[in-house]
Amino acid sequence: MSFQKDFAWGVATASYQIEGAWNEDGKGLSVWDVYTHEAGRIKDGTTGDVACDHYHRFKDDVKLMKELGIRAYRFSLSWPRLIPNGVGELNPAGVKFYSDLIDTLLENGITPYVTLFHWDYPYALYKKGAWLNDDSVQWFADYAAKVVELYSDRVKHFITFNEPQCFIGLGYYEGIQAPGLKVSKRDIFQMAHNTLKAHGAAVIAMRKAAKQPIKIGYAPTGSAHYPATECPEDIEAARKQVFACRPLNSTDLMWSVSWWSDPVILGHYPADGLEMYKEYLPEITEEDMALIHQPIDFYGQNIYNGKAVSGETGVPTFVPRETGAPKTAIGWPISPKALQWGPRFLYERYGLPIYITENGMSAHDVVSLDGQVHDPNRIDFTHRYLLEMEKAADAGVPVEGYFHWSFMDNFEWGYGYTERFGMVYVDYETQQRIPKDSALWYRDWIQQH
Ligand code: FCB
């Protein structure tokens, strides 16, 4: 067995995607509340107002996790549920909700992994300029300190940001997620820099506030490209491609691994980006870099797919996928090798224990005549990906956790409820939960590993 004994076999969710109760018990607005309430933003015209109603059903949800043998649960906190204005007064009902959730998890032997921010930014702070305002660094650090003060008596694992690539890149540059803006390049690099500083300031604040030793991680994303064959040229080409910065003219300019992770773990921005982006960058001081570069305990990355890269011509080149190559319902390529080479390359560059903070697929799941949800495609997907992850562990990469996205079907951002990523099926009319076949398969896998 190549996985360590206390490997964190888990599932993941995010507050806005499951909680509902969007305006209950004193919760403040988030940018996602505002964005989804505007016609034309979400594919099926829905919102997260109710979502999986997890706010009211968390006890049953945790009970189900326990029945399914889940060992660890990665969830996020809604910042405006805890602090309605983003700064200042706490909302007692919000504080209690997460406290009760944490207690329920612990009572059921499930280890909580708390993500501080998974995109539902306080609208009150958005109105003050959000990440473009230099004060956003302190706002986030204060929030992080509060969270750790409140919960670190019971929670040992915290994650600062989920996918800054998305909440900055998709939210403010491509404009396809909340708040749906398309700001200038100068602004976007300033926002990205402030986000990184906020991460660093939060780490410092969290260590200070901690009531027991805590582990802090980070959960960015990025394509995990892999070598077309295992020859050294292809491996080197894939490595280069994984960490290359996006060219300045690309729509997904913010979507690189190195721009978001090198400063955090290595203490400097990647040279190719510094050169390409120089006319748009804010002033970057040595002090800033020292702030960003705080020691953290683990490196998380959300990995869904990657592309095969060949080094045959001397320039890294993507190998076209074969006709009819497998893809998920949302259209993402099924590429299990991403879960071997992703961790390998990331460990090689960053040298920290690796967590797969998200991995999974959407499928066209239906409730069959027998009342069950049969999803052999998700079982096959997960099995193939996990076997590749095992190869990374066998090759000496300290992979310490895996969180399947997602525990249950939920509000998939711009896609609304049209994509089902869960191992548990949710009937949104009745809020009934039905564990899919994959959930039972995963329970057995966890038992065996
Ligand atoms: C990731 C997000 C997560 C979910 C999955 C499918 O980018 O972090 O919330 O939407 O994709």
Side-chain angles (χ1 to χ4, degrees), residues 10-20 30-32 35-36 41-44 46-48 51-52 54 73-79 113-121 159-174 176-178 195 217-224 252 254-257 260-261 299-306 327-335 338-339 342 355-365 375 377-378 381-382 385 401-424 426 438:
V11 288
T13 64
S15 46
Y16 187 73
Q17 296 180 274
I18 63 165
E19 285 179 6
S30 82
V31 294
W32 272 96
Y35 183 77
T36 55
R41 293 295 203 181
I42 306 301
K43 192 172 174 185
D44 57 2
T46 57
T47 69
C52 307
H54 177 73
Y73 177 43
R74 173 180 176 235
F75 61 98
S76 77
L77 309 181
S78 158
W79 181 351
Y113 281 72
V114 171
T115 305
L116 297 182
F117 183 66
H118 196 133
W119 310 357
D120 38 0
Y121 196 76
I159 291 165
T160 54
F161 289 127
N162 181 72
E163 299 189 350
Q165 283 89 348
C166 293
F167 69 80
I168 295 295
L170 302 181
Y172 291 93
Y173 192 68
E174 295 181 55
I176 54 170
Q177 289 197 348
T195 303
Y218 181 43
T221 188
S223 302
D252 57 354
M254 284 291 112
W255 200 261
S256 75
V257 172
W260 288 104
S261 294
Y299 184 87
Q301 189 159 308
N302 298 349
I303 296 183
Y304 287 88
N305 49 64
K327 56 182 168 60
T328 68
I330 205 171
W332 298 353
I334 296 180
S335 43
L339 221 57
Y355 276 71
I356 303 305
T357 33
E358 286 178 26
N359 168 252
M361 70 175 283
S362 68
H364 296 296
D365 300 312
D375 58 344
N377 37 13
R378 186 173 285 100
F381 175 103
T382 309
Y385 274 69
Y402 170 89
F403 293 89
H404 193 86
W405 185 273
S406 179
F407 171 56
M408 58 184 157
D409 297 334
N410 57 49
F411 179 80
E412 181 47 38
W413 309 115
Y415 296 90
Y417 298 96
T418 63
E419 298 294 339
R420 292 184 178 274
F421 272 91
M423 280 188 161
V424 171
V426 176
S438 58

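For ligands, and for the atoms within them, numbers begin at 1 and follow the listed sequence. These figures come from a predicted structure and were not determined experimentally.
Here CG of D375 is found 5.5 Å from CG of D365. Values are rounded to the nearest 0.5 Å.
Near H118, meaning under 4.0 Å from one of its heavy atoms, ligand 1 places the atoms 2 (C), 3 (C), 8 (O), 9 (O). Of all atoms in ligand 1, numbered sequentially from 1 with element shown, those under 4.0 Å from a heavy atom of W413 are 3 (C), 4 (C), 9 (O), 10 (O). Taking a cut-off of under 4.0 Å to the non-hydrogen atoms of N162, the atoms of ligand 1 that pass are 8 (O). Atoms of ligand 1 found under 4.0 Å from any heavy atom of F421 (numbered from 1 in listed order, with element): 6 (C).
Evaluated for a side-chain contact (heavy atoms from CB on, under 4.5 Å) with Q17, the options H54, M408, H118 yield exactly one hit, H118.
Within the 4.0 Å heavy-atom cutoff, T221 does not count among the residues contacting ligand 1.
Of all protein heavy atoms, the one closest to atom 5 (C) of ligand 1 is Y304 OH, 3.2 Å. Protein heavy atom nearest atom 7 (O) of ligand 1, with residue, atom name and distance: E163 OE1, 2.6 Å.
With no hydrogens or angles considered, no side-chain donor-acceptor pair links Y218 and T357 at under 3.5 Å. For the 3.5 Å distance criterion, the side chains of T418 and D44 fail to qualify, holding no donor opposite an acceptor.
Ring-plane geometry between F381 and Y385 is classed as parallel, the angle between the planes falling under 30 degrees on a 0 to 90 degree scale with a further cut at 60.
For atom 2 (C) of ligand 1, the nearest non-hydrogen atom from the set E412, E358, E419 comes from E358.
Although no hydrogens or angles enter the test, the distance criterion places no donor-acceptor pair under 3.5 Å between the side chain of W255 and the main chain of L170.
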